[in-house]
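One structure is given here, and the rest of the page talks about it.
Fair warning: this is a prediction, and the values are worked out from it, not measured in the lab.
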Amino acid sequence: MRFRAALVLVLCACPVGAAAQPVSGFGQAFNVERRVYYHGAVYQQTGLWYGAVGAVRLGRVQLGVSALMGTSTGGGAASPDIQIRTTAVTLHYVAAPWIALGVQAEARRFESDAGVTMWRLIGGNARLEPGLGLAGLRGIADVSILPASSVSGGPSLQMAMQAAVGAGFAPAGFPMDFRLVYRFERYDIAASGASPERYEQFRGVVVQVGIRLGR
Amino acid sequence: MRLQGAVIGLLLVVVQAHTLRAQVDVAASIAGARAQLDQFNPDSASALLERALTPNSGASKEQRVRAYVLYGIAQLSSKNVSAARLAFRQALQLNPSERVDSLEFLQPENLLTEFNSERLALAPAPEAPAAPAVAAPVPLTVQLALPADTTLPVADARLPIFLAPSRAARAAVAIASAAAPAAPLWADTLPLGATGAVGWDLRGRDGALVAPGRYRVTATAVDSAGSAAPAVTRVVVISRAPADTQALPPPLPRSAFLPEFTSVSHRSASGLLVGVGLGAAVALLPSALGRPELNKGLGSDGTAYLVAGSVAIAGVIAFVAGGQERHPLPENVQKNAALRQQDAASRAAIVEANARARQNAPVRVQPEGGKP
């Protein structure tokens with residue numbers, strides 16, 4: 001609950017004048033494949049998550065939020081179906097039009113028949129969008145290292161990282177923006193009591209379609 | 001009989017001589033009195049004149065008139081006004097047309113006043129004026145004539161307006177806007193008794209050319225007796241003749257200008273490298289970042305290759321298509337600027353010439369209804 005309150009505070013701290021600044025908003029779909037290694041076995045689930053991502057830029061500072069929700073199914077009896085809801089906030093310093101460095105805080109909620117589990121993922125983020133030499137066409141590389149992450153009421157995460165690499169295209173003269181990236185996430189959860197270490201990874205294609213205003 | 005005749009003749013001679021001497025004395029007395037007046041001795045002058053005015057002085061009528069006048073002057077000088085008036089009256093009774101202007105210098109300031117007063121007192125009462133003839137008075141009229149449809153140049157414009165009173169009178173003309181006839185814009189008058197034309201310069205009180213519109217021309221006349229002729233009014237329509245203007249040329253077409261930029265295809269090798277590099281990164285991402293425990297024995301992710309290929313192809317396309325860089329052509333920019341400037345100057349000159357032509361367009365004056 002404290003994490004959610006902090007998230008709300010960050011969102012409320014967004015300046016009132018943000019609407020007059022460059023702003024972007026996307027709808028996104030994540031065709032996700034989840035793999036879990038536990039007790040020497042690998043369980044695999046698939047699913048389609050939907051969500052949105054938006055950002056507003058104030059000078060060289062950019063505040064972004066994103067949300068995804070969906071289900072992952074097909075892991076068998078040992079890996080029950082889950083409903084996932086994840087919300088993230090990023091705060092970037094835009095060093096150049098093609099590079100931004102900042103911090104990320106994310107809450108991820110897993111709900112299954114076995115109960116509800118919450119992850120807190122906090123760390124740094126770097127986003128690169130270098131031009132490819134053709135107007136509006138750019139590469140995308142987004143990497144987050146989240147060392148201050150833990151499972152709520154459970155063990156900490158020894159490794160938490162997210163990466164998304166792909167390309168984007170924003171046609172000249174139009175506010176539309178299209179992104180196609182490959183997303184990969186890795187989480188190593190430390191052993192806790194009788195539970196051994198558990199490794200999870202999420203990967204798949206993310207498609208984002210949105211608009212940018214005030215470029 | 002001869003002796004009787006001789007005595008009578010002698011007596012006549014004596015009488016003639018006596019009369020002649022008396023006349024000589026009268027003339028001497030009058031001349032002496034005149035000299036005494038010159039010397040401001042009115043009393044001496046009066047004594048001499050009294051002698052000349054005695055009934056048996058033998059003074060002639062002219063001498064008596066002269067003596068009375070001088071006597072009156074002497075009495076005036078002695079402040080004896082009533083005696084002076086009496087003397088003047090007697091002189092005027094003898095000669096009503098007698099004047100004393102030539103004696104004014106003899107000092108009595110009231111000489112002319114008193115003398116003329118007596119003249120008026122003796123003058124017969126004026127007769128009542130004869131009743132005017134009962135002939136019917138001829139009314140005074142004025143004729144107004146304007147030129148037929150005429151066109152006048154703006155500079156030195158003169159619209160002749162002919163005025164002809166029916167008899168000797170002073171004719172006048174006034175011009176006002178038909179919309180405000182009570183406020184004359186221009187007026188002129190002919191000399192008394194003259195007939196002829198006055199020239200309106202088509203300008204109002206402010207000296208500016210009157211605006212196109214309807215104007216009322218009103219002619220009047222007044223004779224020396226104050227009789228006025230009924231006003232005669234005409235309306236003229238003033239308009240501007242079409243000005244000889246030039247049409248503005250159409251705007252310069254795009255083809256008239258030289259290209260100010262040249263586009264150069266710019267292939268970005270770095271873009272190609274980035275695209276291919278990111279594509280490779282996508283392909284390697286699962287194995288490079290994933291744990292071997294999770295990926296061992298499982299097939300690779302085809303979606304990763306799909307994205308990797310897309311990104312790499314995007315980089316290649318960007319490289320092949322290349323970016324277009326625009327390079328300015330300063331010479332062409334300069335030539336185009338000169339062309340625009342020349343076109344603007346030409347247009348400004350035409351606009352100015354047209355304005356001048358409209359300003360100097362002749363003025364057309366038409367009597368309304370075609371009636372001059």
Side-chain angles (χ1 to χ4, degrees), chain A residues 30-44 46 98 128-143 145 158-159 161-169 172 178-189 196-207, chain B residues 259-328:
Chain A
F30 185 10
N31 181 28
V32 64
E33 178 196 83
R34 180 191 182 212
R35 286 184 181 180
V36 180
Y37 175 84
Y38 187 61
H39 278 295
V42 175
Y43 306 94
Q44 182 172 316
T46 57
W98 59 276
L128 284 74
E129 294 193 10
L132 295 183
L134 195 63
L137 190 61
R138 66 195 188 279
I140 295 173
D142 188 310
V143 179
I145 306 295
Q158 292 175 323
M159 163 72 81
M161 63 170 298
Q162 302 170 349
V165 180
F169 180 61
F178 304 92
R179 294 173 179 174
L180 175 67
V181 297
Y182 184 77
R183 183 175 177 120
F184 187 88
E185 299 177 6
R186 170 180 164 178
Y187 305 100
D188 295 353
I189 301 166
E197 289 182 333
R198 194 172 90 241
Y199 310 131
E200 288 200 23
Q201 75 178 26
F202 300 85
R203 66 182 192 182
V205 175
V206 179
V207 175
Chain B
E260 297 187 356
F261 291 94
T262 181
S263 293
V264 176
S265 180
H266 177 69
R267 290 182 175 175
S268 170
S270 61
L272 175 64
L273 289 176
V274 168
V276 173
L278 288 177
V282 171
L284 296 174
L285 207 55
S287 55
L289 298 181
R291 286 197 70 93
E293 294 87 343
L294 286 170
N295 296 324
K296 188 175 164 185
L298 294 174
S300 58
D301 188 357
T303 59
Y305 293 119
L306 174 68
V307 175
S310 300
V311 174
I313 289 171
V316 172
I317 290 174
F319 177 75
V320 172
Q324 296 290 317
E325 286 187 358
R326 297 181 77 195
H327 292 280

Nearest-0.5 Å distance that lies between atom [atom1] in [X] and atom [atom2] in [Y]:
{"X": "A:Arg203", "Y": "B:Leu285", "atom1": "CZ", "atom2": "CG", "value": "10.0 Å"}
{"X": "A:Arg35", "Y": "B:Glu293", "atom1": "CZ", "atom2": "CD", "value": "12.5 Å"}
{"X": "A:Arg138", "Y": "B:Leu278", "atom1": "CZ", "atom2": "CG", "value": "12.0 Å"}
{"X": "B:Ile317", "Y": "A:Leu137", "atom1": "CD1", "atom2": "CG", "value": "8.0 Å"}

*Name the region of B:Ser310, side chain, backbone, both or neither, that has any atom closer than 4.5 Å to a heavy atom of chain A.*
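When you check distances to chain A, only side chain atoms of B:Ser310 fall under 4.5 Å.
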Shortest non-hydrogen contact from [X] toward [Y]:
{"X": "A:Leu134", "Y": "B:Ala321", "value": "CD1-CB, 3.9 Å"}
{"X": "A:Phe184", "Y": "B:Gly290", "value": "CZ-CA, 3.4 Å"}
{"X": "A:Pro130", "Y": "B:Val274", "value": "CG-CG1, 3.5 Å"}
{"X": "A:Gly204", "Y": "B:Thr303", "value": "CA-OG1, 4.3 Å"}
{"X": "B:Val282", "Y": "A:Tyr182", "value": "CG1-CB, 3.5 Å"}

*Mind ranking A:Val181, A:Leu180, A:Asp188 by heavy-atom pairs under 4.5 Å with chain B and telling me who comes out on top?*
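Highest number of heavy-atom pairs under 4.5 Å: A:Asp188.
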*In this structure, which one of A:Gln44, A:Glu200, A:Arg186, A:Gln201 forms a side chain to side chain contact (heavy atoms under 4.5 Å, CB included) with B:Leu294?*
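That would be A:Gln201; it is the only one of A:Gln44, A:Glu200, A:Arg186, A:Gln201 passing the side chain to side chain contact (heavy atoms under 4.5 Å, CB included) with B:Leu294.
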*Side chain, backbone, both or neither: which part of A:Met161 has a heavy atom under 4.5 Å from chain B?*
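Side chain only.
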